[in-house]
Protein chains: 2
Amino acid sequence: MKVTIKDIAKEAGVSITTVSRVLNNKPDVSDNTKEEVQKVINRLGYNPNGVARGLVLKKTYTIGLIIPDISNPFFPEVARGIEDKAKELGYSVIFCNTDNNKEEEREAIELMRSKQVDGMILSLSIGNKEELHKLAKANFPVVQIDRKIPEVELPAVTINNKTSAYQITSYLIELGHTKLAHIAGDLATKTARDRLSGFRQAIDEFGLEYSDNWVLKGDYSKESGYKLMTTLLEQSQRPTAVFMANDLMAIGAYGAVFDSGLKVPEDISIVGHDDIDIASAIRPGLTTIMQPKYKLGMTAAEILIKRINESNFIGDDVILKPKLQIRSSTKEWQANA
Amino acid sequence: MKVTIKDIAKEAGVSITTVSRVLNNKPDVSDNTKEEVQKVINRLGYNPNGVARGLVLKKTYTIGLIIPDISNPFFPEVARGIEDKAKELGYSVIFCNTDNNKEEEREAIELMRSKQVDGMILSLSIGNKEELHKLAKANFPVVQIDRKIPEVELPAVTINNKTSAYQITSYLIELGHTKLAHIAGDLATKTARDRLSGFRQAIDEFGLEYSDNWVLKGDYSKESGYKLMTTLLEQSQRPTAVFMANDLMAIGAYGAVFDSGLKVPEDISIVGHDDIDIASAIRPGLTTIMQPKYKLGMTAAEILIKRINESNFIGDDVILKPKLQIRSSTKEWQANA
DNA sequence: GTGAAAGCGCTAACAT
DNA sequence: ATGTTAGCGCTTTCAC
């Protein structure tokens, strides 16, 4: 049987209140009894029952983390940032993968709530406005990460994906490219939509022609990157540069280019987004947008926990700065006569 | 205020016992009242308090996952396997990073226990026998993953790292290499020790000479791979092939070779271990040992939960099969006169 | 078929 | 400085 506060009380010859007092470092215990009780606690190897404590305190010191997929290389670092900050502030994290599936997301949120987490960090598909509205209305502590669902008043920690997409597309254009393609991410996500929209903005502003044939809809996976890049290369009119909506798809694209007997960047420039580990490891190094993933996580956890502990604190959106990371997958392009 | 079982009872005009009965699908409720109660539950959006339930049931339907670092590319996939299986069986997972730090590990275990997890999946450094012994003695459900601490009677889901190291070293030898080096992982881990020992066994069995200069102690990080490979290359006698204890270090080694103006595999063959995503994405593709990471996770979760639910079940060790994954970072070697 | 009461392990008034 | 009591939200005897 596990040893409880009662056992300690009996063994030490005091009331459970007194034990509780020394457990929580409350005043009003004589040094003597405190010491005595502490000894018994150590001797019996007592470990307070957090569940019981949680029930009376209405606080579990646990936060929920709901993300699409921990095995997508973007998320482990943000998860690490979250866990580090949470631990620092005395919280644990319970996590759940949803694959951007609306129903999974709903269930995950419900589950977390029934587990009485003190707050949640969410990266949801775009379909789940209602769920978020409910949480907001219930005044439940939530911070969104990576993706901010539009029209939802919950704070978010993100980068500006439209800007980053605009920036990297502009970079391609400044290199002399005029035939640009984009392979979009899962358009059920806000990030994919924003990146697409940043791409189009750049195309428009620089007065380049826009072709539906050169904007393909992927799903952020390596496989879809490979497949869609293959499709792109099979077209009669080939772009000279392509913006892949994330690095994972860019990796897939490398393979497709290679398999077509072409070369990056000589025949086609490729850029990605996120700067996951692989981006700097592959050759040619992938030009991409670096997202401060760890910091994204740290910041989200920090805001969430502040929100949990200060009822009058409503977190603001935090928009972190990404950075254009130029490597070797891009080169200047001269239109030849 | 959150709605409780009491509110439902009052609103439906029944006792809380009855509400509890319909909540848990117990018999002895008339179809009529059941339906009535269910209606109220839906109307009020009631969500049972898992903490209260956990207190009386002494069961939280939560398992703990303690690993060195979720942002090490080896772990996300195993974490995903664990979460998938856990979810399937009705459990959630709460996770914690320890960086192979003994004290962090101790604290994490204690934390999990105070949170009353039903069981834990652990990947610990080798220093923590005592902690594991305590858990074993307390008959607390635990399964080890990736690394089995020696002399501890808790089931483990692993591959045989000595065998895999032996296998990949033999492959190098069969290619004609006779000057082999090994850059070990963090020797505070069982895996690193086993891989080193498999390497030495191959060296011994094939009667190759062994030099301490060619066995360097890394820590599984990319940076240490780069640094130690540089050290290796600076030596007067250079090996022609090196077994890096994991893929991450192998990536670092690629950089070191490149920066020395040498080429993989023409000047030096390199192999890794684990087959993380990057291994197949980089050029030349990294010859390595593929670990069934997702399955490792699935299996561990399955055993753990079975162990939780069947008091007489003691899980056996499961040793999964790795696979030699030959790519282009290795080539035959002819000793030239 | 239904409800009253006890109790899970703890904290927090409220005495004393 | 210490103890008594109530109660957190739920499940489970036990009685009716």
Side-chain angles (χ1 to χ4, degrees), chain A residues 1-38 40-41 44-62 90 110-118 138, chain B residues 1-38 40-41 44-62 90 110-118 138:
Chain A
M1 220 43 254
K2 278 211 70 169
V3 19
T4 75
I5 195 173
K6 229 188 218 161
D7 302 320
I8 303 298
K10 187 182 300 176
E11 186 72 14
V14 297
S15 74
I16 60 171
T17 312
T18 302
V19 178
S20 175
R21 282 195 184 102
V22 348
L23 244 28
N24 299 291
N25 264 313
K26 299 265 161 120
D28 293 339
V29 193
S30 77
D31 286 354
N32 252 334
T33 44
K34 181 183 290 190
E35 198 179 319
E36 193 56 40
V37 169
Q38 194 59 60
V40 178
I41 287 176
L44 270 51
Y46 169 66
N47 195 349
N49 183 322
V51 170
R53 193 176 263 173
L55 182 59
V56 16
L57 257 28
K58 294 177 181 319
K59 191 150 169 38
T60 55
Y61 292 95
T62 303
E110 190 173 316
L111 179 72
M112 296 285 180
R113 295 216 64 183
S114 87
K115 298 233 166 180
Q116 310 298 117
V117 297
D118 296 335
Chain B
M1 223 40 257
K2 277 211 72 169
V3 17
T4 75
I5 197 174
K6 227 187 218 161
D7 301 322
I8 303 298
K10 188 182 299 176
E11 187 72 12
V14 296
S15 74
I16 59 173
T17 312
T18 301
V19 177
S20 174
R21 283 197 183 97
V22 348
L23 244 27
N24 300 290
N25 265 312
K26 299 266 161 123
D28 294 339
V29 193
S30 77
D31 286 355
N32 251 335
T33 45
K34 182 183 287 190
E35 198 178 320
E36 193 55 42
V37 169
Q38 194 59 59
V40 178
I41 287 175
L44 268 51
Y46 169 66
N47 195 350
N49 183 325
V51 170
R53 191 175 264 174
L55 182 58
V56 17
L57 258 28
K58 294 178 184 318
K59 191 149 170 38
T60 55
Y61 292 96
T62 303
E110 189 173 316
L111 179 71
M112 295 285 180
R113 295 217 64 182
S114 87
K115 298 233 165 178
Q116 311 297 117
V117 297
D118 296 336

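No hydrogens, no waters, no symmetry mates; every other heavy atom, side chains included, goes into these values. Chain A is the first sequence line, chain B the second, and so forth, proteins listed ahead of strands; every chain is numbered from 1.
For the atom pair NZ (K115(A)) and NZ (K115(B)), the distance works out to 12.0 Å, reported to the nearest 0.5 Å. For the atom pair T17(B) OG1 and K26(B) NZ, the distance stands at 11.5 Å (nearest 0.5 Å).
From the 5' end on, the contacts that DNA chain C makes with chain B at under 4.0 Å to a non-hydrogen atom open and close at dG1(C) to dG9(C). Bracketed by its first and final contacts, the part of DNA chain D lying under 4.0 Å from non-hydrogen atoms of chain A reaches from dA1(D) to dG9(D) in 5' to 3' order.
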Item to check | Intermediate values then yes/no, side-chain contact (heavy atoms from CB on, under 4.5 Å), D7(B) and K10(B) | outcome: CA-CA 5 Å; D7(B) 301 322; K10(B) 188 182 299 176; 5.5 Å; no
Item to check | Worked verdict on Y46(A) versus V40(A) for side-chain contact (heavy atoms from CB on, under 4.5 Å) | outcome: CA-CA 8 Å; Y46(A) 169 66; V40(A) 178; over 6 Å; no
Checklist entry - Is there a side-chain contact (heavy atoms from CB on, under 4.5 Å) between V22(B) and I41(B) once you walk through the steps? => result CA-CA 10 Å; V22(B) 348; I41(B) 287 175; 4.2 Å; yes
Next on the checklist: One pair to check against side-chain contact (heavy atoms from CB on, under 4.5 Å): V14(B) and R21(B). What are the steps and the verdict?
Outcome noted: CA-CA 11 Å; V14(B) 296; R21(B) 283 197 183 97; over 6 Å; no
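By the 6.0 Å contact criterion, OH on Y61(B) is open, its count of non-hydrogen atoms from other residues, nucleotides or ligands being 12 or less. Annotation for K6(A): atom NZ does not count as buried by contact number, only 12 or fewer foreign heavy atoms lying within 6.0 Å.
The overall bend of the helix from dG1(C)-dC16(D) to dT16(C)-dA1(D), read as the angle between its terminal helix axes built from five base pairs each, is 40° when rounded to 10 degrees.
Taking both residues in full, the closest heavy atoms of K34(A) and V29(A) are given as N-CG1, 3.9 Å, listed atom of the first, atom of the second, then distance.
For the pair T18(B) and E36(B), the minimum side-chain heavy-atom distance is 4.5 Å or more. Within the 4.5 Å cutoff, the side chain of I8(A) has heavy atoms near those of the L44(A) side chain.
Across all strands, L55(A) comes closer than 4.0 Å to base atoms (heavy-atom distances). Using a 4.0 Å heavy-atom cutoff across all strands shown, P48(A) reaches sugar-phosphate atoms only and no base atom. Nucleic acid contact class of K34(A) (heavy atoms, under 4.0 Å, all strands): none. Residue N49(A) is classed as a sugar-phosphate contact, given heavy-atom separations below 4.0 Å to backbone atoms only. Note on K26(B): only backbone sugar-phosphate atoms sit closer than 4.0 angstrom, heavy atoms only; bases stay farther off.
Interface residues of residues 14-24 of chain A facing DNA chain D, ordered by number: V14(A), S15(A), T17(A), T18(A), R21(A); criterion, heavy-atom separation under 4.0 Å.
Residues G13(A) and A52(A) each lie close to DNA chain D; by heavy-atom proximity, the contact nearer the 5' end of the strand is made by G13(A).
Partners of E110(B) according to the side chain to side chain contact (heavy atoms under 4.5 Å, CB included) rule, which considers only residues two or more places apart in sequence or in another chain, are N47(A), R106(B). Not counting sequence neighbours, the partners of K59(B) by the side chain to side chain donor-acceptor pair (under 3.5 Å) test are Y91(B), D118(B).
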